[in-house]
Amino acid sequence: MARALHSPCFVAPLLWLTLLLVAVSPGGAFYLPGSYMHTYSQGEVIHAKVNSLTSIETEMPFNYYSLPYCRPQGGIKKSAENLGELLMGDQIDNSPYRFHVNVNESVFLCTTKGLNENDAKLLKQRTRDLYQVNMMLDNLPVMRFTKQNDVTVQWTGFPVGYSPPGASDDYIINHLKFKVLVHEYEGRNVEIIGTGEEGSAVISETDKNGMSGYQIVGFQVVPCSVKRNADDFSKLNMYDNIDPVDCPVELKKSQVIRQQERITFTYDVEFVKSDIRWPSRWDVYLKMEAGAKVHWFSIMNSLLVILFLAGIVFVIFLRTVRRDLTRYEELDKEAQAQMNEELSGWKLVVGDVFREPSCSKLLCIMIGDGVQILGMAVVTIVFATLGFMSPASRGMLLTGMIVLYLFLGIASGYVSVRFWRTIKGTSEGWRSVSWLTACFFPGVMFTVLTVLNFVLWKSESTGALPISLFFTLLALWFCISVPLTLVGGFLGTRAEKIEFPVRTNQIPREIPARKYPSWLLVLGAGTLPFGTLFIELFFILSSIWLGRFYYVFGFLLIVLLLLVAVCAEVSVVLTYMNLCVEDWRWWWKAFFASGSVAVYVFLYSINYLVFDLRSLSGPVSAMLYVCYSFLMAFAIMLTTGTIGFLTSFAFVHYLFSSVKID
């Protein structure tokens, strides 16, 4: 999820086929589908682009040109953005930073007018809020390196400014020392005819002159604050060459942010030849800080949990259920009749086990939405694991998830209506079920996001959805997802009804009193699925809120498969335990036995906010974090609850289909 997880405006994931292929090598040297090789000639002009300013302290992106930076000579031009980029708050514009390929130079950009009160105040605020400038060249984000406790840490972007400890003034970054890594490419059997706006190569099939060129494989920066003589530099024109300068150490030689201060912006660029090949240029961004060992430890831990639960399920099936059924079937009719009077445990609820649960319509709706989210997650993670969700294609992951969710409405409608028919025994009311299925999860999402959008609008953040995009999303949902859900519901009415293997008594059986609340056991069951995913959850949260790259979808695929297995086993075990104590109200408990993992996910998110996001400040930032965490936990509840319920339903149906009690 390269930057797909960098800005938290929507989110959910997917899986199935090739497991260890990408799990072992998350960023190998291969061409990522959807990305193109760009080759430039000696001295060719290329421009850097700028994205929204971001901060791990406020989580509210702002436009780059909301600050008094130098403007491009031809005016500001916005790049075409896909749906995912817009939802993430990306706003990619051109910039005045111009490079000549393989030409080292020091360049003057501009000198601003004296900062007015608003500009000076805004610069100070953005500096103290730790805002970063996100720049890119040839689709590569700029990277900088810092030393922390003798450890080199890499970051994407560079700060707007800095506030030295103990100093009362703030200082702006106004001089950038770029290092562009290039790989010399010798054309073989291909010829680069031209490049588009993003540098996507057009290649001919014939090779007449074996054209060679340079490929950009790295983009690094050292940000500096340099005090310049504004009067001397104001006489220069943009892109005039100047003498190179080193980053000053003394504060008196740095550019302070102060009202009426004139700021001069300059930059150096150095091109360095590199052995890094173009297909491997993203490896440095996707490299895991903790390595693969932590992920493998999480997977091994989850496997132990699965084996333990599988052992319990094995005992239930082979030693208890099968033994009882075999013993029962060996008896003659007279003995069976006598045994019916002496039944105990789960056999006693045979006449109530398929009794309609409370709020049955809501249960059907949540199962339908869970199937839709799960299907979206599975397909997305599979494609991401295979490399189709390239980090170079910003917003592709989120766009793909939304499209999949819209078209999987047909599956949610089918499942919800078919279960409705199974429970009610009739198709009456299927339109209502289909409509509510189409509206339930999206309705919760739109409600929360609308409130957040008004907050972001008031803050003038680029994270706020434009009103046109907001209505576009509503139109997509109403014109695609809703009709498909209704079509799926109609197909559900035509599908064969699931017949219950036993008849339901007219009078409900009294449930014996228990020493402890049954929901306490249901809530505790969620700890086992949470133990499967909490380590991977840490990396995902770090990617969303700390601006780190997440692209180990191979591990995520394995973790999701393990999560499905744990949810299924936990739900079956808990359902059997409830039936053994003559509690026939298993429907909702089967759903929440695995769905309760969402409670722990949400609590862990709050723990992450308190102990790992200590820099997050302000009520707006906290509100954004809590609301997005709630939406994530809500989607996880629907997904895991659906997995648990479907497995338990199959288990109960199989169990009582073997019983011959009238």
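Given the structure is predicted, the values throughout are model-derived calculations rather than measurements. Starting from 1, each residue takes its place in the sequence as its number.
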How far apart are the C-alpha atoms of Met632 and Leu541, what are their side-chain angles, what is the distance that settles it, and do they pass the side chain to side chain contact (heavy atoms under 4.5 Å, CB included) test?
CA-CA 11 Å; Met632 177 180 67; Leu541 289 176; 4.1 Å; yes

Closer than 3.5 angstrom, by distance alone: can the side chain of [X] be matched with the main-chain N or O of [Y] as a donor-acceptor pair?
X      : Y      : value
Thr385 : Phe553 : yes
Arg418 : Glu496 : yes
Arg421 : Thr493 : yes
Ser571 : Ser594 : no
Trp477 : Gly443 : no
Asn578 : Leu574 : yes
Ser605 : Val601 : yes
Asp352 : Trp584 : no
Asn505 : Ile507 : no

pair [X]-[Y]: side-chain heavy atoms closer than 4.5 Å:
X      : Y      : answer
Leu528 : Glu569 : no
Phe354 : Pro501 : yes
Ser412 : Val371 : no
Ile606 : Ser629 : no
Phe630 : Val444 : yes
Leu465 : Leu449 : no
Tyr628 : Leu452 : yes
Phe490 : Val417 : no

Can you tell me if CZ on Phe407 sees more than 12 non-hydrogen neighbours from other groups inside 6.0 Å?
no

Take a 6.0 Å sphere around CD of Glu428 and say whether it holds more than 12 heavy atoms from other residues, nucleotides or ligands.
no

Can you find a side-chain donor-acceptor pair between Thr437 and Ser416 that sits under 3.5 Å?
yes

Taking the six-membered ring for Trp, are Trp586 and Phe649 parallel (under 30°), tilted (30 to 60°) or perpendicular (over 60°)?
tilted

Would you please name every residue forming a ring-ring contact (aromatic ring centres under 6.0 Å, His included) with Tyr625, sequence neighbours left out?
Trp545

Side chain to side chain contact (heavy atoms under 4.5 Å, CB included) between Phe634 and Val448: does it pass, once the steps are laid out?
CA-CA 12 Å; Phe634 185 60; Val448 174; over 6 Å; no

Search all heavy atoms of [X] against all heavy atoms of [Y] and return the closest pair with its distance.
X      : Y      : value
Val350 : Val502 : O-CG2, 3.2 Å
Ala525 : Val570 : CB-CG1, 3.6 Å
Lys424 : Glu356 : NZ-OE2, 2.8 Å
Gly375 : Leu408 : C-CD1, 3.4 Å
Ser648 : Val572 : OG-N, 3.7 Å
Leu363 : Phe645 : CD2-CE1, 4.0 Å

Test Leu533 against Val566 for side chain to side chain contact (heavy atoms under 4.5 Å, CB included), laying out the working first.
CA-CA 10 Å; Leu533 59 82; Val566 172; over 6 Å; no

Residues passing the side chain to side chain contact (heavy atoms under 4.5 Å, CB included) test with Tyr600, sequence neighbours excluded, are Leu523, Thr527, Phe530

Partner set under side chain to side chain contact (heavy atoms under 4.5 Å, CB included) for Leu362, not counting sequence neighbours:
Cys359, Met366, Phe440, Trp588

State which residue, out of Ser434, Cys364, Ser427, fulfils the side-chain contact (heavy atoms from CB on, under 4.5 Å) condition with Trp420.
Cys364

[X] [atom1] to [Y] [atom2] distance, which is reported to the nearest 0.5 Å:
X      : Y      : atom1 : atom2 : answer
Met60  : Thr54  : CE    : OG1   : 12.5 Å
Ile402 : Leu397 : CD1   : CG    : 10.0 Å
Leu537 : Ser542 : CG    : OG    : 9.0 Å
Gln372 : Leu484 : CD    : CG    : 9.5 Å
Ile373 : Thr639 : CD1   : OG1   : 4.5 Å
Phe534 : Ile540 : CZ    : CD1   : 13.5 Å

Phe591/Thr642 under side chain to side chain contact (heavy atoms under 4.5 Å, CB included): CA gap, chis, key distance, verdict
CA-CA 6 Å; Phe591 184 91; Thr642 297; 4.1 Å; yes

